[in-house]
Amino acid sequence: MTGSITDGEDVVQDALFRAYRSLDTFDDSRPLVPWLFRIAHNQCIDFLRRRGVREEAEAAAAEPDFIEPGDPAPTVGPAIEHLVLNLPPKERACVLLKDVFEYSLEEVAELVDSTVGGVKAALNRGRSKLASLEDQLARPRVTAPEHRQILRLYVERFNNRDWDGLRELISADARLLVADRYSGSFTDGGYLGVYSRMTVTWRLTLGEVDGEPSIILLNMRDGAWEIEGIIRLDIGAHGRIERICDFQHCPWVLAAGSVVVREFVG
C-alpha cells in the first residue's frame, strides 16, 4: 500500500497504537479483522496524503458497476511496484485484496467498508490503470543530494562513536520510533545511549531499501558483517533530522523488502 516496507511497517505501528486506544469502542460481537483492517487502511490513506503521493482525491465517478466477463485481470505479481505507486488507496486495496490475497468480493467490501458494487468499480478502474502501466518502470522517491550527505554524516559519526556529533544532526524536537519497542520524543528515548552501552559490535552502512537511499545496520557475527536492521531518517527542509525510525527489532522487514548494501563505511 505504501510502496515501501519501512513505510508500511511505520503505518502498522501507528495503526496498532490507534486500535489499542480505540478498544473501548470495538463491538466484540463483530469480527476483529475487518475492524483492524479499516483502521490500518485509514492510517495508510492519512500517511499517503501527508507524503503527497496521491495525485488526486478519489471522486465519485460514473463507472460501470460490473466487471467485463472474460476480461482477466493483469498479472499482479510483476505489477506490484506500479500498483503501490500509482493507484489511489481504495483501488490499491481492492486489487491487492482480490487479485493478490484472493478474498471474495463480499470480503473485500467488508474490509474496505464499501459495497460489492463499489469494489467492482474500484477493481475495474485499478485493473485498467495497471494494464496501461505494464510497460513503464516504477520510480522510487528521489532524495535530495543534501539529504544523502546527512545520511553519510550520520553513518560516519555513528561508526566513529561520535554521539555528540550525531546529536548535532538531529532537530531538538525530533521524534523516535524503535519499532515494537518505543515511539515518542527522541530526547526522552535514550536512543544513542542504548547503542553506546551495547557490547555488540555495530556498524552502519549506506544502502537502499525498496530503491530509496537508506541506512543499513550491520552486526559482527562469526567474523563477518551481517545485515541486522534498517534505519530510516526523515529530514526536514532545514537540513536537520526530524525523525529516526529503527527497525532492528522487526526482522521480517528484511525479508519483505529489497535491501541492498551500496557502500560500507567503517
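Values below: every heavy atom of this structure, side chains too, minus hydrogens, waters and symmetry copies.
Under 4.0 Å is where a charged nitrogen must lie from a carboxylate oxygen, and between E212 and R232 no such pair does.
Taking the six-membered ring for Trp and thresholds of 30 and 60 degrees, W202 and Y195 have ring planes more than 60 degrees apart, a perpendicular arrangement.
Atoms CD and CG, from E110 and L97 in turn, are 11.5 Å apart once rounded to the nearest 0.5 Å. Within the model, atoms CG of L204 and CG of L217 stand 6.0 Å from one another, a figure rounded to the nearest 0.5 Å. Rounded to the nearest 0.5 angstrom, R240 CZ and L233 CG are separated by 13.0 Å. Distance check, rounded to the nearest 0.5 Å: CD of E107 to CD of E102 gives 11.0 Å. How far NZ of K90 is from CG of D113: 9.0 Å, rounded to the nearest 0.5 Å. Atom CD1 of I227 and atom CG of L218 lie 6.5 Å apart (nearest 0.5 Å).
Residues R221 and E226 approach most closely at CD-OE1, 3.1 Å, considering heavy atoms. Nearest heavy atoms, S214 versus L151: N-CD1, 4.2 Å. The nearest pair of heavy atoms linking Y154 to I244 is OH-CD1, 3.9 Å. When all heavy atoms are compared, the tightest approach of A109 to T115 is CB-C, 3.7 Å. Taking each heavy atom of A15 and A40 in turn, the nearest pair found is CB-CA, 3.7 Å. Annotation for A122 and E91: closest pair O-CG, 3.7 Å, computed over non-hydrogen atoms.
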Could you give me the CA-CA distance, side-chain angles and deciding distance for K98 and V119, then say whether side-chain contact (heavy atoms from CB on, under 4.5 Å) is met? CA-CA 9 Å; K98 184 69 176 69; V119 169; 5.9 Å; no
Could you walk me through whether L105 and L123 satisfy the side-chain contact (heavy atoms from CB on, under 4.5 Å) test, starting with their C-alpha distance in whole Å, then the side-chain angles of each, then the deciding distance to 0.1 Å, before giving a yes or no? CA-CA 10 Å; L105 291 174; L123 284 171; 3.6 Å; yes
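For L36, the side-chain contact (heavy atoms from CB on, under 4.5 Å) partners two or more places apart in sequence, or in a different chain, are A19, L32.
Inter-residue side-chain proximity for V260 and I216 is flagged as unmet; no heavy-atom pair is nearer than 4.5 Å. Looking at heavy atoms from C-beta onward, V178 lies out of side-chain contact with Q248 at the 4.5 angstrom threshold.
Hydrophobic clustering, with ILVMFWY side chains joined whenever heavy atoms are under 4.5 angstrom apart, groups L166 together with V194. Residue I231 is grouped with residue W163 when hydrophobic side chains (ILVMFWY) are merged at heavy-atom distances under 4.5 angstrom, including chains of intermediate members. Put simply, Y103 and V116 are part of the same group of oily side chains (I, L, V, M, F, W, Y) that touch within less than 4.5 Å, one to the next.
Without hydrogens or angle criteria, S22 side chain to T25 main chain gives no donor-acceptor distance under 3.5 Å. In this structure a side-chain-to-backbone donor-acceptor pair under 3.5 Å is present from Y182 to S185. Between the side chain of R203 and the main chain of V155, no donor-acceptor pair closer than 3.5 Å is present.
Counted within 6.0 Å of CG on D24, heavy atoms from surrounding residues, nucleotides or ligands total more than 12; the atom is thus considered enclosed.
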